[in-house]
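Below: one structure, written as structure tokens.
Below, chains carry the letters A, B, ... as their sequence lines are ordered, and counting in each starts from 1.
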Protein chains: 2
Amino acid sequence: MSIGIMSTKTIGEKLRQLREENKLPLRKVAALLDIDVAILSKMERGERKLTKKVVLKLANIYKYSADNLLVLFLCDKIMYEIQDEDLGEKALEVAEKRVKYLKANKKK
Amino acid sequence: MSIGIMSTKTIGEKLRQLREENKLPLRKVAALLDIDVAILSKMERGERKLTKKVVLKLANIYKYSADNLLVLFLCDKIMYEIQDEDLGEKALEVAEKRVKYLKANKKK
DNA sequence: ATTATTTTTGACAGATTATGTCAATAGGAA
DNA sequence: TTCCTATTGACATAATCTGTCAAAAATAAT
């Protein structure tokens, strides 16, 4: 998975794009997900939070990479935490170091 | 600010270290913050969430870099979002790209 | 144009989570 | 023990999240 191709869209925007490419109305997708149309509409526009489960179901419905969607999903959550913070970029760097450290020392 | 020196401690652990270095009991710091002792105790042990305001006050009380503490504070929030996620590191990379992109195109 | 379909919006109640207060308990030092 | 500090859990309240619904707006179809 390359990073460049997916750096700008939010998970919601990506999901809307996928739905439109599949020419599916909110109504049908919401039915497949067994959630209300209003909620799906808000999820696509970032007004309601997505869940990992919904993201995975949508990857299956749209036949799109679940990993790509999950990265966008996590990225959105991260961006939400550091929004408008001057030190956001620095915090991301420290977090990366920490993740690498944890991965290197993970329990067996 | 270097990254290496602050990659492993959580914000709570760092705050406890600072308090002990200053030889201040929870009671006194809590009084300065105007919060309950129990809450401060839990904040230092990661059982309660810190707020940006409290972090800044503590930086002032301990005469320690507010930027350093804020980075740890944001880092903890980021780590919380990606905990146990295999794609966490990838999400962090994408988030970094996005932050850089937003910074380059920020409105005036 | 008007009808049908899709999408958005807002209000609402219930569930879940966060927060502050307090008291009891535990731990350590004098 | 006594004193000071720190931890834990229970509780009420506040804030946030979640699903449901209906009305309104936007878009497409006939």
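Side-chain atoms of B:Arg19 come within 3.5 Å of backbone atoms of B:Leu24 as a donor-acceptor pair (strictly under, hydrogens ignored). Of the possible polar contacts, none joining the A:Glu44 side chain to the A:Ser41 backbone as a donor-acceptor pair under 3.5 Å is found. Although no hydrogens or angles enter the test, the distance criterion places a donor-acceptor pair under 3.5 Å between the side chain of A:Asp36 and the main chain of A:Ala38.
With values rounded to the nearest 0.5 angstrom, B:Lys9 atom NZ is found 5.5 Å from B:Lys14 atom NZ.
One can place NZ of B:Lys49 at 4 Å from P of C:dA18, the figure rounded to the nearest angstrom. Between the CG atom of B:Leu40 and the C1' atom of C:dG20 there is a distance of 14 Å, rounded to whole Å. Atom P of nucleotide C:dT21 and atom CZ of B:Arg48 are separated by 11 Å, given to the nearest angstrom. The nearest whole Å value for the distance from the CD atom in A:Glu47 to the C1' atom in C:dT7 is 12 Å.
Across A:Leu15 and A:Tyr62, no two heavy atoms sit closer than the pair O-CE1, 3.9 Å.
Counting any heavy atom pair closer than 4.0 Å across all strands shown, B:Ile39 reaches a base atom.
Within residues 10-23 of chain A, the residues that place at least one heavy atom under 4.0 Å from DNA chain C are, in residue-number order, A:Arg16, A:Arg19.
The residue among B:Leu24 and A:Met43 whose nearest nucleotide of DNA chain D is located toward the 5' end is B:Leu24. A residue-by-residue look at A:Asp36 and B:Asp34 shows that A:Asp36 has its nearest nucleotide of DNA chain C further toward the 5' end.
At a threshold of 4.5 Å between side-chain heavy atoms, the hydrophobic network of Ile, Leu, Val, Met, Phe, Trp and Tyr places B:Met79 and A:Tyr80 in two separate groups.
A 4.0 Å heavy-atom criterion places the boundary nucleotides of DNA chain D facing chain B at D:dT5 to D:dG9, written 5' to 3'.
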>> Under the criterion side chain to side chain contact (heavy atoms under 4.5 Å, CB included), I'd like the reasoning laid out for A:Leu58 against A:Leu33: C-alpha separation, chi angles, the key distance, then a yes or no.
In response: CA-CA 8 Å; A:Leu58 288 171; A:Leu33 294 172; 3.7 Å; yes

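A salt bridge is absent between A:Arg45 and A:Glu13; no separation between the charged side-chain nitrogens and carboxylate oxygens falls under 4.0 Å.
Distances were taken from every side-chain heavy atom of A:Lys42 (C-beta onward) to each of C:dG10, C:dT19, C:dT7; the shortest belongs to C:dG10.
Distances shorter than 4.0 Å separate none of the side-chain N or O atoms of A:Ser41 from OP1 or OP2 on C:dT7.
A:Arg98 pairs with exactly one of B:Leu92, B:Ile78, B:Asp76 by the side-chain contact (heavy atoms from CB on, under 4.5 Å) rule, that one being B:Asp76.
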